[in-house]
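The structure under discussion appears below in the form of structure tokens.
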Amino acid sequence: MKKSYWIASALTAATLPLSIAQAFAQEAAPAMTPEEKAIGKKIYFERCAGCHGVLRKGATGKNLEPAWSKKDKDGRETSGGTLKLGTDRLQKIIALGTEGGMVNYDDILTKEEINIMARYIQNTPDIPPEFSLKDMNDSWKLIVPVDQRPKKQMSKINLNNIFAVTLRDTGELALIDGDTKEIWQILKTGYAVHISRLSASGRYVYTVGRDGLVTLIDLWFEKPTTVATVKIGSDARSVDTSKFKGFEDKYLVGGSYWPPQYSIMEGDTLKPLKVVSTRGMTVDGEYHPEPRVASIVASHIKPEWVINVKETGMILLVDYSDLNNLKTTTINSAKFLHDGGWDYTKRYFLVAANASNKVAAVDTKTGKLAALVDTKKIPHPGRGANFIHPKYGPVWATGHLGDAVISLISTPTDDPKYAKFKQYNWKVVEELKTPGAGNLFVKTHPKSKHLWTDMPMNPERENAETNLVFDLNDLSKPPVKIDVAKDSGLPVTKALRRAVHQEFNEDGTEVWISLWGGKTDQSAIVVYDDKTLKVKKVITDPKMITPTGKFNVYNTVKDVY
Ligand code: DHE
């Protein structure tokens, strides 16, 4: 063991000026050629930064700094770091994954790539550049100005039933006609589009790539057409539009992971208007240099966005009615905020605070925290699912990455017919058992009698490739297991084909599930009849590679889930 390694462990970033600590760590780190560093940097951005952070301070994933130290809850000094773990141990962790929820990379990365990553993360993190309003302006491309766009819808397609489908690893978006199940158009987008959201009118689709590229697609053309693009940073996950009356299609807001900030743009052109940093203090009163913007949702009852800042645990209510005098309510909740959705009244927004095993609920009418609900490990709701429980009244459901249950949380309402359920509000009233952890998404529809839940992050093929369907009339019944991979009729592949993310069609009669296979394998979306649970159609095509999120126009405009 080199002497400088011990110095780096003992004198860590917390006790030394960062540059000196970094210099020690850097000296102790395994050597890398510039080519290996470039490979490591690319893979880290594509595969690791989302969970571990650009500065590697950790969030959903562990801290991956070469050397760190902090005080534990009893005030004792603790230290650790990737240098302490060393190349062999790190290679094993990357290849095989961990019980803490990290997936195995041995079927995604080669042995050489795993070795590069094990060495790369022992080196001091690269700090990417900031991204200003000017940088946004320089990246902005208005491809078709507003006055050159159609004045009305040019096709005969039922736009309300279009599905915007992420083709993750090809950097594309498929627009699929929900009535005919035909692929209408496939368009180039940013890298690994994370989500799509719709303008209030349903005319414009917005996507955001992991690389921070926002794409604006106009559905009124004969075929969907990209009319503008802009970069909002170098790493991003969320966008939403202005949905309040009088502001329909007017603004778009995008949240970045790097730099940690949100950006406001014109809704129909993406012209950059304003950038707001989210750097600052956490709910524990400590400064954080990388508080990333997680989920964003547009209120229907006020000109406001709910912006969830992951590392600080702060929920921002941003009033977009006057951008020059921006009013923001900052609500303390818990760490680390991730994804979430509305309750059925659309007054309360519920968001997972995944490292605290809590769900935070904001009352957007009063602008205050309504509750912090304790749940099982690592809640991960997607946008959640709302239904009326036979015994407990209105509930919102979330799955868990870290536990084999679906939690049902009672939500309040002014509707007198549910007054008797008030005693249960903001409590987990039931936990539905599943065969394993690794859930990402749950979904139902006001017309459905089913709750669909996936388990794509479960290591077992028999769980990862399936969905469980609970009967909302009788939740004591064991759920029906649906084998999505088998139902696709596609040949079995070595890599898991994770059955991920459900979306209902416009009238709530069908459920669409993606089969997220290897990055070169033809894959599919399997469409089920929600009543009979039978396959209705398999949508497949050589271009159907790594489909993940699906967003039905009507359900996304109206926030139906
Ligand atoms: Fe997601 C939503 C972040 C990994 C598919 N994901 C979100 C949101 C955030 C987020 C902040 C909420 C957006 C909103 O509502 O405004 N996701 C992250 C990560 O940081 C993480 C853990 C790691 C990463 O590097 O990105 C991550 N997500 C994944 C995946 O691996 C998934 C399964 C496949 C993929 O495309 O990368 C995935 N995330 C999704 C989907 C949604 C989502 C489909 C939207 C769900 C919805 O119904 O709204």
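Counting starts at 1 for both ligands and their atoms, following the listed order. Keep in mind that what you see is a predicted model, and the values were worked out from it rather than measured. Quick note: residue numbers are just sequence positions, from 1. Computed from heavy atoms alone, side chains included, the values below leave out hydrogens, waters and symmetry copies.
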Mind checking whether [X] contacts ligand 1 via backbone (N, CA, C, O), side chain (CB onward), both or neither, at a 4.0 Å heavy-atom cut-off?
X: Y561; answer: neither
X: L440; answer: side chain
X: R47; answer: neither

Taking distance alone, with N or O pairs closer than 3.5 Å, would you say [X] contacts ligand 1?
X: R210; result: yes
X: H501; result: yes
X: G549; result: no
X: K310; result: no

| query | Going through the checks in order, is the salt bridge (Lys or Arg N to Asp or Glu O under 4.0 Å) test met by E503 and K443? | reply | CA-CA 7 Å; E503 178 71 317; K443 192 65 53 90; 3.1 Å; yes
Charged N to carboxylate O below 4.0 Å: is that the case for [X] and [Y]?
X: E266; Y: K250; value: no
X: K243; Y: E304; value: no
X: K335; Y: E311; value: no
X: D319; Y: K302; value: no
X: E172; Y: K188; value: yes

Nearest to [atom], what protein heavy atom do you find, and at what distance?
atom: atom 26 (O) of ligand 1; value: R237 NE, 2.7 Å
atom: atom 35 (C) of ligand 1; value: R168 NE, 3.2 Å
atom: atom 21 (C) of ligand 1; value: H338 CE1, 4.5 Å
atom: atom 22 (C) of ligand 1; value: C51 SG, 3.8 Å
atom: atom 36 (O) of ligand 1; value: T548 OG1, 3.4 Å
atom: atom 12 (C) of ligand 1; value: S295 CB, 3.8 Å
atom: atom 45 (C) of ligand 1; value: I195 CG2, 3.4 Å
atom: atom 49 (O) of ligand 1; value: R383 NE, 2.8 Å

| Which atom of H194 approaches atom 1 (Fe) of ligand 1 most closely (N/O/S) | NE2
| said: With a sphere of 6.0 Å drawn around NZ of K42, does it hold more than 12 non-hydrogen atoms of other residues, nucleotides or ligands? | reply: no
| Greater than 12 external heavy atoms within 6.0 Å of K536's NZ | yes
| remark: ligand 1 atoms nearer than 4.0 angstrom to some heavy atom of A294 are 11 (C)
| Close-contact set for ligand 1 against I296 heavy atoms, below 4.0 Å | 14 (C), 16 (O)
| task | Check the side chains of D249 and S199 for a donor-acceptor pair under 3.5 angstrom, ignoring hydrogens and angles. | result | yes
Could you tell me if any non-hydrogen atom of [X] lies under 4.0 Å from any atom of ligand 1?
X: T60; answer: no
X: T166; answer: no
X: R197; answer: yes

| Could you state the interatomic distance from OG1 (T278) to CD (Q261), rounded to the nearest 0.5 Å? | 7.5 Å
| said: I'd like to check H445 versus V560 (side-chain heavy atoms, cut-off strictly below 4.5 Å). Are they in contact? | reply: yes
| field | Aromatic ring proximity H400/H380, centre distance under 6.0 Å | value | no
| task | Could you walk me through whether Y320 and W305 pass the ring-ring contact (aromatic ring centres under 6.0 Å, His included) test, one step at a time? | result | CA-CA 8 Å; Y320 54 72; W305 291 303; 4.4 Å; yes
| Hey, what's the ring geometry for W342 with H300, parallel, tilted or perpendicular (30° and 60° as the breaks)? | perpendicular
| Which is closest to atom 34 (C) of ligand 1 in terms of heavy atoms, F551, F45, W516? | W516
| request: Compare Y257, F336, F441 and give the one whose heavy atom is closest to atom 40 (C) of ligand 1. | output: F441
